[in-house]
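See structure below.
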Number of protein chains: 2
Amino acid sequence: MSEKQCSMTIGVLAKASSMGVETIRYYQRRGLVAEPEKPYGSIRHYDEQALARLHFIRTAQWLGFSLDEIGELLKLEDGAHCDEARALGEQKLTSVRQKILSLQRIERALEELVQECCAQQGNVNCPLLASLHDGLEEKLGEGNARKRPAVNLS
Amino acid sequence: MSEKQCSMTIGVLAKASSMGVETIRYYQRRGLVAEPEKPYGSIRHYDEQALARLHFIRTAQWLGFSLDEIGELLKLEDGAHCDEARALGEQKLTSVRQKILSLQRIERALEELVQECCAQQGNVNCPLLASLHDGLEEKLGEGNARKRPAVNLS
DNA sequence: GTTACTCCCGTAGTCAGCTACGGAATCAAG
DNA sequence: CTTGATTCCGTAGCTGACTACGGGAGTAAC
């Protein structure tokens, strides 16, 4: 179970990790995954460790770490730098919490706008569009109106 | 107060809206802001309405609307399409709420990881890094492990 | 009337994280 | 030994929202 065929081509590795071949090659170029030496012929072979690393990358990515930050984490990989890893985790936690707060403010504003639209059906004046024109200061309390998107909603 | 100098150059408009000149020109190219005819000479002049539109764009952007979506909203601008505007608002509200849920799951996972790191200071084995290796299935309940970043934390 | 700033316009570059393309080499099956 | 899939490698394209550059023209101040 922990020792499959310790020799996958990149295509097999891609399937095993459900990533694209090109993605893995991209990670190699970024230095996140080592390129194994070409053993015989000229085709590289990958082992369980490579698969584990892809797993690591994907999990960290899910937690919101960028590829650069994942690079940092991988430098601490031996487990001896718990403090640094924790610091990175705490930073990320802070940014996640800020993002949640921003989104909750946005949620409340949108909620109100949509409700107002529901309340006065049939009227010609749309309160949602009106609020976009007039700004949302009343709805948000001053100081909350940011210049740029508070959050990337993809 | 509502009628300043009804004739700003793009530079003045940029300052008034605290956007860059290039940004405004970009919005013109995208069709979000009208290019006024060149009146005398060959320099365009903008009025309060242009400023209001930039305000609209920024507020909508803060709410998480993309420039494309803002284009949609602007097509409804006369206020007669309250239903469509509300529908767009509801869609956005749904995606905001999903994003909040994702972030809260991430928050919980990070919280636990950081706490474990704090709990066993001085140990060689870092539980945060270990979890990234092993995956977070235990911490998240199966089915939550997404392939790609759940959220853009910029 | 000269200097210095701003505007106009098109094009191209930036960031992140991929994704695609094209041509040569290699490998496995028949 | 040929066919067809896969790999290798470099380079280029994609998305979204800007941001920068370069050269020419207009405009304002002294």
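By the side chain to side chain contact (heavy atoms under 4.5 Å, CB included) test, Q115(B) is found to be paired with no residue, residues two or more places apart in sequence or in another chain being considered. With sequence neighbours excluded, no residue satisfies ring-ring contact (aromatic ring centres under 6.0 Å, His included) with Y26(A). Contacts of T59(A) classified as side chain to side chain contact (heavy atoms under 4.5 Å, CB included), with partners at least two apart in sequence or in another chain: H55(A), L132(B), L136(B). In this view, Q91(A) satisfies the side chain to side chain donor-acceptor pair (under 3.5 Å) rule with no residue, not counting sequence neighbours. Under the side chain to side chain donor-acceptor pair (under 3.5 Å) criterion, E84(A) pairs with no residue, sequence neighbours left out. Qualifying side chain to side chain contact (heavy atoms under 4.5 Å, CB included) partners for Q98(A), counting only residues two or more places apart in sequence or in other chains: T94(A). Not counting sequence neighbours, K15(B) has no partner by the side chain to side chain donor-acceptor pair (under 3.5 Å) test. With sequence neighbours left out, the side chain to side chain donor-acceptor pair (under 3.5 Å) criterion links Q28(B) to Y46(B).
Dashed line: the shortest gap from a side-chain N or O of T23(A) to OP1 or OP2 of dT19(C) is under 4.0 Å.
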What does the list of N/O pairs under 3.5 Å between the protein and nucleotides 21-23 of chain C look like, with a distance for each?
none

Would you tabulate the pairs of protein nitrogen or oxygen atoms and nucleotide nitrogen or oxygen atoms of nucleotides 5-8 of chain C closer than 3.5 angstrom?
unit_1	atom_1	unit_2	atom_2	d
dC7(C)	OP1	T9(B)	OG1	2.5
dC7(C)	OP1	G11(B)	N	2.7
dC8(C)	OP1	R44(B)	N	2.7

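Listed by first then second residue, pairs satisfying salt bridge (Lys or Arg N to Asp or Glu O under 4.0 Å) with a partner in residues 16-33 of chain B read R30(B)-D68(B), not counting sequence neighbours.
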Which parts of nucleotides 12-17 of chain C does protein reach within less than 4.0 Å, heavy atoms only, written one letter per nucleotide 5' to 3' as B for base, S for sugar-phosphate only and - for none?
-----B
Quick one: do R86(B) and E90(B) satisfy salt bridge (charged side-chain N to carboxylate O under 4.0 Å, His left out)? Show the steps, please.
CA-CA 6 Å; R86(B) 198 186 61 231; E90(B) 276 167 354; 3.7 Å; yes
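Here the P atom of nucleotide dT19(D) and the CD1 atom of I24(B) are 12 Å apart, to the nearest Å.
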